[in-house]
Amino acid sequence: MPFLPLSQVRHLRDELQDTKAEISTWGCEGYGDNIKQWSDSCDEDVGAVVRVTSAEEAAIVVRFATRHQIPLAVRGGGYSTSGSSTARGGIVLDLAKLRRVRIDPEARVVVAEGGALWADIDVAAAQHGLAVVGSTLSHIGAAGATLGGGYGWLTGQYGLAIDNLRWAKVVLADGSIVIASETSHPDLFWALRGAGQEFGVAVELGFRAHPQRNAVFAGTLLFPPEKLSVVVDFANRFETQTDGKQGLWFGFTVAPAMTQCCILVVVFYNGDQERAEQFFAPLLQAEPIANTAGMIPYDSLNGILNTTDTLHRRGSDTEVNISYPLDVAMGPRKSMLGSNVTLPLDLAFVQSVYDEFNGMITNCPQTRDSRLLFELLPNAQIMRVPDDATAFANRGPYYNVSCLFRWYDADLDVQLRLWQASLLGRIEETAGIKRPGYQGPRRGTGIYANYAGHDASSKILFGDNFPRLQELKKKYDPHNTFDKWHRIRPLVNNRE
Ligand SMILES: Cc1cc2nc3c(=O)[nH]c(=O)nc-3n(C[C@H](O)[C@H](O)[C@H](O)COP(=O)(O)OP(=O)(O)OC[C@H]3O[C@@H](n4cnc5c(N)ncnc54)[C@H](O)[C@@H]3O)c2cc1C
């Protein structure tokens, strides 16, 4: 792909003159910061980063890219580790200045601009005693997470973020701005809920909010590896004991000052401390080596797993006055990949995952900040929605497993990604819905598209919903302007 020629940059500047959009190109002051992604492995030289301040400015950029067939990427929170929010040599449409959040407390609706982070939404909604289903990491872009599905601690009570999406204002590939909802462009609304990144720029999203005045019980526990059986035992009873108000994540990471992996457990209970402590008693009484669990306000909940983030480059252009920590380090290289498991888990299998993961970290110490998590969020509300009601294709009686690798040396990119794919593949084939002899209901593909990483096949990701997505791609994005996420090709003459 040729680098964006200067003549086109000039042309784009002309189209954006008299607007507040900022264009940053190679050689401009701040260009280096503007191309920074959450993962160093995704930093690419681009032709231009355009930071827009309105839907209309975004529309000018999208129309320009489509008309001139320039590679375009949309960047929200920048957390993609597969490079889907950057475009080598092309245009990055940066939504960092579209972060305003409005609340309608009477209607219980939260309206967030397309670049809002979950932190913006959580804090704004909490001021009215409300909450939405949002990611467990509050520095992630709300639109980026929602368009692919959106799991959060409230999923057990209210389903996915898309199940609580009432409408979205979208810039389409031709630069038109439309509202997608159950009554306006319902086919587009169907596609946006699960595969939205492939259909346009969501410049505004309207979420159903839920009353959330009470504080919640949450935090992290660390256990030595010898306690694995206690944790797996508890996890295996989780499904029958939860009433939807709890969440349990557990997995492996290296704690500071340790040289081998310990067991990380994240607990969540939307209720009072007494009941929470009863529910999690087997874990709390198992002598964790560290325990931060306690009552916290809901708007702090999704910050408990935040680490180094991108906020230093984003400012705080929002109506809510939030002051963020000033993290300066963006790197290192990262890769996120997912899989699935069903319960009950076999202890020997989980032990083998620990051994393999721990082996990598001890053999390659620069990966020590990696982590692997079994994410048990009650799934009844997710499965209540039929598979063909939205494009999202991961509604089944199983749980996500996420694996985040971090490393520094670019020479290890290929090797570590292959190793990660092999580990996650083994998890699915041994303990997930693809294992031989799996007897449970055949629902969903078992792959959360937002965790799918590099080179995932969109046909496999979207399963039975894939043909309809291709048809809609032909209708809404026939020239494939939005092709950086999982590359759904428009249907051509009824062929793929
Ligand atoms: C450490 C970590 C923790 C995570 N935890 C969770 C979790 O708890 N729950 C969960 O559901 N997911 C989780 N995810 C997955 C996360 O939801 C996706 O990575 C999401 O796409 C990130 O969105 P972003 O805007 O921050 O990233 P970006 O890199 O900016 O964008 C990711 C993709 O979304 C597109 N996009 C972003 N904003 C828009 C927009 N407004 N309109 C159109 N397209 C847009 C981009 O073009 C790109 O294709 C996690 C990921 C990581 C790395």
Side-chain angles (χ1 to χ4, degrees), residues 36-39 42 52 55 58 62 71-87 91-96 98-99 112-119 133-155 159-162 168-173 180 191-192 194-205 247 249 266 268 301-302 304-311 314 334-338 369-373 375 377 382 392 394 400 402-406 448-453 477 481-487:
K36 278 255 157 241
Q37 299 284 112
W38 183 61
S39 169
C42 297
V52 294
V62 173
L72 175 76
V74 181
R75 183 166 68 201
Y79 266 74
S80 164
T81 60
S82 64
S84 69
S85 51
T86 188
I91 297 175
V92 172
L93 177 62
D94 187 343
L95 306 179
L98 284 181
R99 283 177 54 198
E113 287 187 332
L117 309 181
W118 288 116
V133 178
S135 296
T136 58
L137 205 70
S138 65
H139 294 162
I140 283 177
T146 300
L147 297 174
Y151 291 80
W153 294 116
L154 296 182
T155 288
L160 299 166
I162 45 167
K169 187 194 274 187
V170 184
V171 177
L172 297 176
L192 289 179
Q197 288 91 335
E198 289 283 309
F199 284 85
V201 187
V203 284
E204 209 171 78
L205 301 109
W249 286 17
V266 192
F268 167 71
L301 169 69
N302 296 318
I304 62 177
L305 292 177
N306 286 349
T307 52
T308 309
D309 61 73
T310 53
L311 289 169
R314 301 179 60 89
K334 305 180 187 83
S335 172
M336 181 75 158
L337 202 62
D369 291 330
S370 304
R371 71 177 194 219
L372 184 141
L373 287 167
E375 303 184 349
L377 296 172
I382 302 175
F392 184 79
N394 196 37
N400 289 330
S402 70
C403 178
L404 178 66
F405 269 19
R406 298 169 189 246
Y448 177 29
N450 272 341
Y451 285 176
D477 184 17
T481 298
F482 302 104
D483 74 340
K484 291 280 173 298
W485 191 57
H486 289 305
R487 296 189 184 84

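Each ligand, and each atom within it, is numbered from 1 in the order the structure gives.
- Heavy-atom contacts of G114 reach the following atoms of ligand 1: 41 (N) (cutoff under 4.0 Å).
- Side-chain contact between V201 and F482 is present, with at least one heavy-atom pair separated by less than 4.5 Å.
- Among all non-hydrogen protein atoms, the one lying nearest atom 41 (N) of ligand 1 is A202 O, 2.9 Å.
- A 4.5 Å side-chain heavy-atom check between T136 and V266 finds every atom pair outside the cut-off.
- Residue, atom and distance of the protein heavy atom nearest to atom 28 (P) of ligand 1 are G78 N, 3.3 Å.
- In terms of polar-atom proximity, defined here as any N/O pair under 3.5 Å, W38 makes no such contact with ligand 1.
- Protein heavy atom in closest approach to atom 27 (O) of ligand 1: Y79 N, 3.0 Å.
- Of the possible polar contacts, none joining the D477 side chain to the F199 backbone as a donor-acceptor pair under 3.5 Å is found.
- Remark: minimum distance from atom 46 (C) of ligand 1 to any protein heavy atom is reached at V74 O, 3.0 Å.
- Neither the backbone nor the side chain of F482 has any atom closer than 4.0 Å to an atom of ligand 1 (non-hydrogen atoms only).
- The residue among A145, A142, S85 with a heavy atom at the shortest distance from atom 17 (O) of ligand 1 is A145.
- Under the 4.5 Å side-chain criterion, counting only non-hydrogen atoms from C-beta, V133 is not in contact with L160.
- Across every non-hydrogen atom of I140 and S135, the tightest pair is CG2-OG, 4.2 Å.
- By the criterion of a heavy-atom distance under 4.0 Å, the side chain of L147, and not its backbone, is placed next to ligand 1.
- The ligand atoms of ligand 1 that sit less than 4.0 angstrom from a heavy atom of Y151 are 7 (C), 8 (O), 9 (N), 10 (C), 11 (O).
- Pairing each heavy atom of Y451 with each of S402, the nearest pair is CE1-CB, 3.6 Å.
- Among the atoms of G144, some N or O lies under 3.5 angstrom from an N or O of ligand 1.
- For G149, the heavy-atom gap to ligand 1 stays at 4.0 angstrom or more.
- Without hydrogens or angle criteria, Q197 side chain to K484 main chain gives no donor-acceptor distance under 3.5 Å.
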Exercise for the section: Begin with the C-alpha distance, continue with both residues' side-chain angles, and end with the deciding distance and a verdict on side-chain contact (heavy atoms from CB on, under 4.5 Å) for I162 and T146. Expected result: CA-CA 6 Å; I162 45 167; T146 300; 4.2 Å; yes

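- Annotation: atom 35 (C) of ligand 1 to nearest protein heavy atom, Q197 CG, 3.3 Å.
- Taking every heavy atom of G150 and a limit of under 4.0 angstrom, the matching atoms of ligand 1 come to 11 (O).
- For the pair K334/L404, a side-chain contact is recorded, criterion being any heavy-atom separation below 4.5 Å from C-beta on.
- The closest side-chain heavy-atom distance from L117 to R99 is below 4.5 Å.
- Proximity of a side-chain donor or acceptor of Q37 to a complementary backbone N or O of T81 within less than 3.5 Å is not detected.
- For a threshold of 3.5 Å applied to N or O pairs, the pair formed by Q37 and ligand 1 contains no separation below that value.
- Counting heavy atoms closer than 4.0 Å to ligand 1, residue R75 contributes atoms from both its backbone and its side chain.
- Close contacts of ligand 1 with L95, meaning ligand atoms under 4.0 Å from a residue heavy atom, involve 40 (C), 41 (N).
- Those atoms of ligand 1 that come under 4.0 Å of a heavy atom in G200, given as number and element, are 42 (N), 43 (C).
- The distance criterion of under 3.5 Å between nitrogen or oxygen atoms is met by Y448 with respect to ligand 1.
- Considering backbone and side-chain N/O atoms, I140 never comes within less than 3.5 Å of an N/O atom of ligand 1.
- Side-chain atoms of T155 come within 3.5 Å of backbone atoms of G152 as a donor-acceptor pair (strictly under, hydrogens ignored).
- Annotation: M336 places no N or O atom under 3.5 Å from an N or O atom of ligand 1; distance criterion only.
- Neither the backbone nor the side chain of V203 comes within contact range of ligand 1; no heavy atom lies under 4.0 Å.
- The distance from ligand 1 to the heavy atoms of A143 drops below 4.0 Å at these ligand atoms: 40 (C), 41 (N).
- Residue-ligand proximity, L137 to ligand 1, at heavy-atom distances under 4.0 Å covers atoms 1 (C), 2 (C), 3 (C).
- The heavy-atom pair separating W118 from A161 by the smallest distance is CH2-CB, 4.3 Å.
- Considering backbone and side-chain atoms alike, V201 places every N or O at 3.5 Å or more from each N or O of ligand 1.
- Between the SG atom of C42 and the NZ atom of K36 there is a distance of 10.5 Å, given to the nearest 0.5 Å.
- A heavy-atom distance below 4.5 Å is not found between the side chains of N302 and L137.
- Applying the 4.0 Å criterion to heavy atoms of G141 picks out, from ligand 1, the atoms 23 (O), 24 (P), 25 (O), 26 (O).
- Contact of the N450 side chain with the W485 side chain is registered, since non-hydrogen atoms from C-beta on lie closer than 4.5 Å.
- Residue, atom and distance of the protein heavy atom nearest to atom 25 (O) of ligand 1 are G77 N, 2.7 Å.
- Looking at K484 next to ligand 1, no N or O pair under 3.5 Å apart turns up.
- Under the ring pair (Phe, Tyr, Trp, His ring centres under 6.0 Å) rule, W249 has a single partner from W153, F268, Y151, which is W153.
- The nearest protein atom to atom 13 (C) of ligand 1, hydrogens excluded, is given as Y451 CE2, 3.7 Å; this is a heavy-atom distance.
- Note: no N/O pair closer than 3.5 Å links G196 and ligand 1 by distance alone.
- Of the polar atoms of H139, none of the N or O atoms is found under 3.5 Å from an N or O of ligand 1, judged by distance alone.
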